[in-house]
J.: 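Mind looking over this structure? Questions follow.
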Protein chains: 2
Amino acid sequence: MNLKELSSLLGLSQTTVSRALNGYPEVSEKTRARVVKAAQAHAYSPNTRAQGLATGHSKCIGHVISVSDSAEMVNPIFGDFMAGAGETYAAHGYDMMVTRVGAQDEADTYLSLKARGAVDGVVVHAPRRNDSRLALLDKIDLPYVVHGRSTGIKRPYTWLDVNNTRAFSEATSYLASLGHRRIALINGPETMDFAIRRRSGYESSLRFAGLPIDPALMSTGEMTEGYGHAQANAMLDMDNPPTAFLAASIICAAGIRRALDERGLRPGKDVSIATFDDCLSYFGNGGDQPVFTAWQSSVRLAGAAVAQMLIDRIQAPNAPHINELWEAEFVAGTSTGPAPDHSKD
Amino acid sequence: MNLKELSSLLGLSQTTVSRALNGYPEVSEKTRARVVKAAQAHAYSPNTRAQGLATGHSKCIGHVISVSDSAEMVNPIFGDFMAGAGETYAAHGYDMMVTRVGAQDEADTYLSLKARGAVDGVVVHAPRRNDSRLALLDKIDLPYVVHGRSTGIKRPYTWLDVNNTRAFSEATSYLASLGHRRIALINGPETMDFAIRRRSGYESSLRFAGLPIDPALMSTGEMTEGYGHAQANAMLDMDNPPTAFLAASIICAAGIRRALDERGLRPGKDVSIATFDDCLSYFGNGGDQPVFTAWQSSVRLAGAAVAQMLIDRIQAPNAPHINELWEAEFVAGTSTGPAPDHSKD
DNA sequence: CAAAGTTGTCAAAGCGCTTTGGAATGTCGT
DNA sequence: ACGACATTCCAAAGCGCTTTGACAACTTTG
């Protein structure tokens, strides 16, 4: 069923039927009702491609997911972010297109998306420092919103980020205030802007507390469970091991916890763990009784909000850029406690 | 840059340019080379929508993700499956469209996808028993491939599944052979076909081993870490607790493990854990030294294979239906061991 | 050397929609 | 009763591509 058939069926012109369905005022309410009813009865939905061709926009939003070829790692927050964004898109009649790409072909992918008119805008995921994608997107005039920020980019752009610096600064101070003097940072990949900010928050709090900054207590890598486990193991083997860990994600934290368990160390007693928590739907932090002491911020809500910002941006491309900085919320869990007293050792 | 501009720039007709780029034989190699070079120089890519309108297919594949409104749960395998599928799509010039939908609007979403001509085919995720989507898709003639199977559907359809029955039967036998007589099943949602099969594999091996089937040792639910933890805790509180757990996913297994750790029970010594493992990129099973004894099958590879099957199906809609049943691979971890000897209790 | 293929190219139609610029019809003031 | 003005509808153009059918310009054949 297409427009032509439907309109001849109704004895109306295509123009009138189209206007009736799209809510234009120059069609009487009587005929509009008639048209709408017939459209429903015949399950008519305008052909997306034809509509796009005619209007010049695709009502589709692109998400380019860079999969590092080395690690072949899919960011675990991906699913929840998409779920949040998808909700917003559905509410506004937008489709969502996902493109998986290796790091090399990143630029080409955006160019192609633009040249082919496949999307009206894109969400930039996992921004790096001085991320070259932003200049590219500005140049080719493809609307975008950044989930995160890119330090070093001076031109304004629209972004939504969590205050990672603050969260990791608070977390470090919190652990220091519990008496911990050897606090390890199990960070995400420090090619990512958020990881850089997290480290800087961590370091500034260490300095503020008068604690040394020890590179041996800092690690960077893909945020897998195995990574958390391996790093914790390596650090706990040190002569002067950390008494507290600060993890980049709850999945890392789980790995750290496993390392403790294997050694018979009690989390929150012998060794503390604090973590950032993205509120992943399949890996909750224990609900009523949080397991991990955490700074949390829902990536799902972020997805919904970023999607909304992008839709707004597409509809008003010349509006001033909006920036949202969300504060992570502190939850006290059982994974942290006072630094163990070694005076009796 | 569009076809018209490019062709007038070259002093050729649109026809010739189009044919040259699409590899038709009736254009001389000399002009073809000229056209290809110019296209590259001007970064010309045919407009997706126009191309789609003209050819009648969208070169786009749909993934409809049902998010149960109650649980608001995003399946954690989603990201890895997409990464695998995305690779295949990219190689064949297909785009990937993702639609998030609540359980109610599922049927409408497929109808709309079809009516709008938005996709050439869809992947059916998480099939249920007697899944009504298959009949719907057959009726509206939208090509599809099922990731999993749907018990009760008699008409042939194309699917790729893991032999869940076998895997869980083997796992149960394995645990029984270690002397476990109280083996708990921490299953996924038993509205899902795969979970039903897993249970039946589990039960058949219990029967075969002459062990009783105790509903108190079986649970069903969304496969979160918290779920695994809660179920394990509840069961370990029983008068006659299980000595082994069989988990539906490595994430559940992590939760079970946490429950053991909290109680000072040693995995593989006091209580065993076996699990199914989807080989999630962010939650590996320890690499060289597997943590969990597991039956594993890469969901990423499944994604790539399903995508390929769907593309084939779209290109040859009348070809016979293909079914692939993959066997899960056994890996021995440290999480299982002989049932503890209670004779000295 | 005319008739019959080949080869390389093109003009134009068509995909299903939106939108422009009329054109009918009806209503109203005078 | 007549022009003015809304109101309601429509024919046709156009979005950027593919594809059909035709046509020159060459080759080859008898």
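Protein chains get the first letters and strands the later ones, always in sequence-line order, with residue 1 at the start of each. Keep in mind that the numbers below use all heavy atoms, side chains included, and drop hydrogens, waters and symmetry copies.
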J.: Between D:dG16, C:dC10, C:dG16, which nucleotide has the shortest distance from any of its atoms to the side chain of B:N47?
T.: D:dG16
J.: Without decimals, in angstroms, what is the distance between A:K4 NZ and D:dC10 P?
T.: 16 Å
J.: What residues in residues 110-120 of chain A put a non-hydrogen atom under 4.0 Å from any atom of DNA chain C?
T.: none
J.: By ring-ring contact (aromatic ring centres under 6.0 Å, His included), which residues pair with B:Y144, not counting sequence neighbours?
T.: none
J.: How close or far is atom P of D:dT20 from atom CD of B:Q14, stated in whole angstroms?
T.: 16 Å
J.: Just verifying a value: how many Å separate B:S8 OG and B:L3 CG, rounded to the nearest 0.5 Å?
T.: 10.5 Å
J.: Closer than 3.5 angstrom, by distance alone: can the side chain of A:T158 be matched with the main-chain N or O of A:V145 as a donor-acceptor pair?
T.: no
J.: By the salt bridge (charged side-chain N to carboxylate O under 4.0 Å, His left out) test, which pairs, at least two apart or in different chains, include something from residues 11-26 of chain B?
T.: B:R19-B:E26
J.: Where the side chain of B:L3 is concerned, which of D:dC10, C:dG16, D:dT18 is the nearest nucleotide?
T.: D:dT18
J.: Using the C1' atoms of the five pairs at each end, what is the angle between the end axes of the helix from C:dC1-D:dG30 to C:dT30-D:dA1, to 10°?
T.: 50°
J.: Is the shortest heavy-atom distance from the side chain of B:D80 to the side chain of B:Y282 under 4.5 Å?
T.: yes
J.: Just so I know, are the side chains of A:L113 and A:V64 near enough to count as touching, which here means a heavy-atom distance under 4.5 Å?
T.: yes
J.: Could you check how far CD of B:E5 sits from C1' of D:dC17, rounded to whole Å?
T.: 14 Å
J.: Among residues at least two apart in sequence or on other chains, which ones pass ring-ring contact (aromatic ring centres under 6.0 Å, His included) with A:F78?
T.: B:F78
J.: Of A:N130, A:D131, A:D193, which meets side-chain hydrogen bond (donor to acceptor under 3.5 Å, both in side chains) against A:T151?
T.: A:D193
J.: Among pairs that include at least one residue of residues 102-119 of chain B, which meet salt bridge (charged side-chain N to carboxylate O under 4.0 Å, His left out), considering only residues two or more places apart or in two chains?
T.: A:D95-B:R116, B:E106-B:R128, B:E106-B:R133
J.: In this structure, how many angstroms lie between the P atom of D:dG16 and the CG atom of B:L6, rounded?
T.: 14 Å
J.: In chain order, what residues pass the ring-ring contact (aromatic ring centres under 6.0 Å, His included) check against B:H147, with sequence neighbours excluded?
T.: B:F81
J.: Would a 4.5 Å heavy-atom cut-off, applied to side chains only, mark A:W159 and A:P127 as touching?
T.: no
J.: If you define the side chain from C-beta out and look only at heavy atoms, does anything of A:Y94 sit under 4.5 Å from A:I314?
T.: yes
J.: Salt bridge (charged side-chain N to carboxylate O under 4.0 Å, His left out): which pairs involve residues 151-161 of chain B, sequence neighbours left out?
T.: B:D138-B:R155, B:R149-B:D161
J.: Atom CG of A:L12 and atom C1' of D:dC10: how far apart are they, to the nearest Å?
T.: 10 Å
J.: I'd like a table of atom pairs between the protein and nucleotides 6-8 of chain D - only N or O on both sides, under 3.5 Å - with the distance next to each one.
T.:
none

J.: With a 3.5 Å cut-off and sequence neighbours excluded, list the donor-acceptor pairs that the side chains of residues 304-313 of chain B form with protein atoms.
T.:
unit_1 : atom_1 : unit_2 : atom_2 : d
B:Q308 : OE1    : B:H92  : NE2    : 3.4
B:Q308 : NE2    : B:D312 : OD1    : 3.1
B:R313 : NH1    : B:A319 : O      : 3.2
B:R313 : NH2    : B:P317 : O      : 3.0
B:R313 : NH2    : B:H321 : NE2    : 3.3

J.: At a heavy-atom distance below 4.0 Å, what parts of residues 48-62 of chain A sit against DNA chain D?
T.: A:L53, A:A54
J.: Does a nitrogen or oxygen in the side chain of B:T16 sit under 4.0 Å from OP1 or OP2 of C:dT9?
T.: no
J.: When you measure from the side chain of A:D278 to the backbone of A:L280, do you find a donor-acceptor pair of N or O atoms at a distance under 3.5 Å?
T.: no
J.: Restricting both atoms to N or O, compile the protein contacts to nucleotides 21-24 of chain C shorter than 3.5 Å, with distance only.
T.:
none

J.: B:Y24 side chain N/O closer than 4.0 Å to the phosphate oxygens (OP1, OP2) of C:dT7?
T.: no
J.: Less than 4.5 Å apart, any side-chain heavy atom of B:M82 and any of A:V74?
T.: no
